[in-house]
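Just below is one structure, and these are the notes that go with it.
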2 protein chains.
Amino acid sequence: MPSAPRPSELRYGIRPTMKDVAAHAGVGLKTVSRVVNREPGVTPETEHRVQASIEALGFRRNDSARVLRKGRTASIGLVLEDLADPFYGPLNRAVEEVARTHGALLINGSSAEDPERERELALALCARRVDGLVVIPAGDDHRYLEPEIRAGMATVFVDRPAGRIDADVVLSDSFGGARAGVAHLIAHGHRRIGFIGDHPHIHTAAERLRGYRAAMAEAALPVAEAWTAPGSTAPGRVAAAAEAMLDDAAEPVTALFAGNNRVTVTLVRVLAARTRPVALVGFDDFELADLLRPAVTVVAQDAAALGRVAAERLFDRLAGARPAAERIVLPTTLVPRGSGEIPPAG
Amino acid sequence: MPSAPRPSELRYGIRPTMKDVAAHAGVGLKTVSRVVNREPGVTPETEHRVQASIEALGFRRNDSARVLRKGRTASIGLVLEDLADPFYGPLNRAVEEVARTHGALLINGSSAEDPERERELALALCARRVDGLVVIPAGDDHRYLEPEIRAGMATVFVDRPAGRIDADVVLSDSFGGARAGVAHLIAHGHRRIGFIGDHPHIHTAAERLRGYRAAMAEAALPVAEAWTAPGSTAPGRVAAAAEAMLDDAAEPVTALFAGNNRVTVTLVRVLAARTRPVALVGFDDFELADLLRPAVTVVAQDAAALGRVAAERLFDRLAGARPAAERIVLPTTLVPRGSGEIPPAG
DNA sequence: AGAGGGTTCGACAACGTTGTCAGAGCCGGA
DNA sequence: TCCGGCTCTGACAACGTTGTCGAACCCTCT
């Protein structure tokens, strides 16, 4: 017996199923399924009756059951390092937008830079049977994903390369960007340039250091041992390293290149406390860099583009494309704003 | 017949099930389930054999089926406005951390400030049967969630109140924060203070405007019509509004209060281009505010705390707590840095 | 030797949905 | 009148897991 929606039929703590709706509307289970999924072959009269029952009971399809039956979840997973890091917000958002155009939801989690947690998260997402996985690696061994990939899990790595496994990777051009940034300092007359970056076991950090060395070598400039300080990005460590380079009695550096935006911000603070101007170029742009005095010259990478390209690659694979695993490198842009154009002092 | 793990048994594009593992290990289906879930009642010998088969076949439990059977998904949904906005990164992360301590995953989506999209997202999450929902409202009518809540979906709103529905809400003290910020300007000698904020139909924006008026009233200061400019936060609109207040021939303002951090940043740019110093206090802190010259005085809200409190409330409800819907208001903090302590010019 | 209790294990149903297939009803044409 | 071919509908199995329950076995005690 069909009936008009009456709130009283909504019951607390009970999830009506298609079976309930079918009974309420006086039709078969499958007919409800057809209406819910807008499948053809239902008379307008029947459809209307079913719709009324759906609203009366407050029915909502249980996607878990649907997923179980269909095998596809219409969702993709994103494992990233830290959602609170402003670099990953736009990346996350870009992945989400691409997913949205494909009708998929995004499930994400932060690894907090912990390889074990990255692994747990990625495998949890696999257990949920997301259709695909975008991973910003924290660890450097991703063989744990091999069974998943083999079983058909499309996977794309972003921002850092995958470790010991053959998979798509989307990266910024760390080497080229750092080389261009350092060359920019050299072009403005600097000869003694310091490099402060992240731990060298992080691939991007190592690449940026390599870019620094390449630029120096191309200008035939020697690099003193004391001028490179890869390591933790903790403000204390970074500040101490900078002070040491700047105050070196014999060969003080006149310019600094920062390996990522956290280092850059720390260096801005250090330099603000000093009288003699020091040139600074940072890898990775950040908000308000243009409002600081001097405004900060940076090598900008396009976080949104990283996310977009990675997600598109993922959906290409989900659509059936089977190209060989590829390394896609996106260009960086040098943005001169002032701090990188300060001439050497003394 | 049990066997040692041999990679060749991993087959492409095939997901082994517990049944496959059971056959491979020569045990019953349920025994595999027991091993996977670490349930007691399996001899070490059997367990070992099953583990070997699991690894040999690359088995991973299908959580969709598990969810279907158990009724709980161990995941919560978060609908927010824009992941790329730096304000929401820490909030998101805080929710995730709380979820993690409860063994739950976070599924999130951006509404892009579009009520219709918020609705779609929230309902999609309900269809996935997330255990609970944290919503940063974009719209102001959430009656669409009533059937879900009635059916047992725990729901907490953050940052802005829910519309036309009775539910938990966690908010920053917009009124009190704005009042304190404006009072701070008054305490530094200002009498003509401008307010530039977001559209007043946004609850927080209206509250902040109310706080501004309260502070002015408490100091017995009149508020000229031209001194309040609620509306779009588009930089052009904000800049024009600021210029108009500052250049008013009769009653130019000597200080500005910004209703949110986007407005603040725009005002910093506007003021940087002017010669006469103008005092500025912004609602909501932002990175590097302390490095600008002058450093920007703000009324800080704790985005992470908003997320944490909301998520904890959610899990309390999931654990069975059934308190009446409540409005939880978190305090704000005035952070004097320089821009808010500039005395009135002229 | 038999009873009693504990441990280990597997057959089976159920979760809510969708795909398959066949039945019922109707129409038009021979 | 009967048949073929539509359209609309529902019964049923299946997806992969977990909860229930009872069977089989081993040990101990009388």
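As the structure is a computational prediction, the values presented were derived from the model and not from experiment. Throughout, a chain's letter reflects where its sequence line sits, starting with A, and its residues are numbered from 1.
Of the side-chain N and O atoms in A:Asn37, one or more sit less than 4.0 angstrom from OP1 or OP2 of C:dT18. Between A:Ser33 and C:dT17, a side-chain N or O to OP1/OP2 separation shorter than 4.0 Å is absent.
Taking the side chain to side chain donor-acceptor pair (under 3.5 Å) definition, one finds that A:Arg160 meets it with A:Glu113, sequence neighbours left out. Remark: B:Arg129 pairs with no residue by the side chain to side chain donor-acceptor pair (under 3.5 Å) rule, at least two apart or across chains. In this structure, A:Tyr88 has no ring-ring contact (aromatic ring centres under 6.0 Å, His included) partners at least two apart in sequence or on a different chain. Remark: B:Pro44 engages no residue in a side-chain contact (heavy atoms from CB on, under 4.5 Å) (not counting sequence neighbours). In this structure B:Arg34 satisfies the side chain to side chain donor-acceptor pair (under 3.5 Å) test with no other residue, sequence neighbours excluded. Not counting sequence neighbours, B:Ala324 has no partner by the side-chain contact (heavy atoms from CB on, under 4.5 Å) test. The side-chain contact (heavy atoms from CB on, under 4.5 Å) check on A:Ser33 picks up A:Met18, A:Lys30, A:Asn37, with sequence neighbours excluded.
Non-hydrogen atoms lying under 4.0 Å from DNA chain D are contributed by nothing in residues 123-132 of chain B.
Panel note: side chain A:Ser111, backbone A:Leu80; a donor-acceptor pair is recorded below 3.5 Å. Remark: side-chain polar atoms of B:Arg49 are paired, donor with acceptor, to backbone N or O of B:Ala25 under 3.5 angstrom. A side-chain donor-acceptor contact under 3.5 Å links A:Asp20 to the backbone of A:Thr17. Without hydrogens or angle criteria, A:Glu148 side chain to A:Cys126 main chain gives no donor-acceptor distance under 3.5 Å. Remark: the backbone N or O of B:Arg317 is paired with a side-chain donor or acceptor of B:Arg322 at under 3.5 angstrom.
Nucleotide D:dT9 holds its P atom 16 Å from the CE atom of A:Met18, rounded to whole Å. Note: CG (B:Asp20) to P (D:dC15) measures 11 Å, nearest angstrom. In this entry the distance linking NZ of B:Lys19 with C1' of D:dT18 reads 16 Å, nearest Å. Spacing between atom CD of B:Glu39 and atom P of D:dT17 amounts to 14 Å, rounded to whole angstrom units. Spacing between atom CG of B:Asn62 and atom P of C:dC15 amounts to 18 Å, rounded to whole angstrom units. Atom CZ in B:Arg66 sits roughly 14 Å away from atom C1' in C:dC15 (whole-Å rounding).
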List every contact pair, protein side and nucleotides 23-25 of chain C side both N or O, where the distance is under 3.5 Å.
none

Short N/O separations, protein against nucleotides 12-14 of chain C, under 3.5 angstrom:
from   : atom 1 : to      : atom 2 : distance (Å)
C:dA14 : N3     : B:Arg69 : NH1    : 3.2

Grab the N/O contacts between the protein and nucleotides 6-9 of chain C below 3.5 Å, and write none if there aren't any.
from  : atom 1 : to      : atom 2 : distance (Å)
C:dC9 : OP1    : B:Thr43 : OG1    : 3.0
C:dC9 : OP1    : B:Thr46 : OG1    : 2.5
C:dC9 : OP2    : B:Thr43 : N      : 2.8

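In this structure, B:Asp63 reaches neither bases nor backbone, as no heavy-atom distance under 4.0 Å exists between it and the strands shown.
Within the structure, ring pair (Phe, Tyr, Trp, His ring centres under 6.0 Å) contacts touching residues 92-136 of chain B (residues at least two apart or in different chains) are B:His102-B:Phe315.
Positionally, the nearest nucleotide of DNA chain C for A:Ser64 lies more toward the 5' end than for the other of A:Lys70 and A:Ser64.
Between the side chains of B:Asp131 and B:Thr73, at least one donor N or O sits under 3.5 Å from an acceptor N or O.
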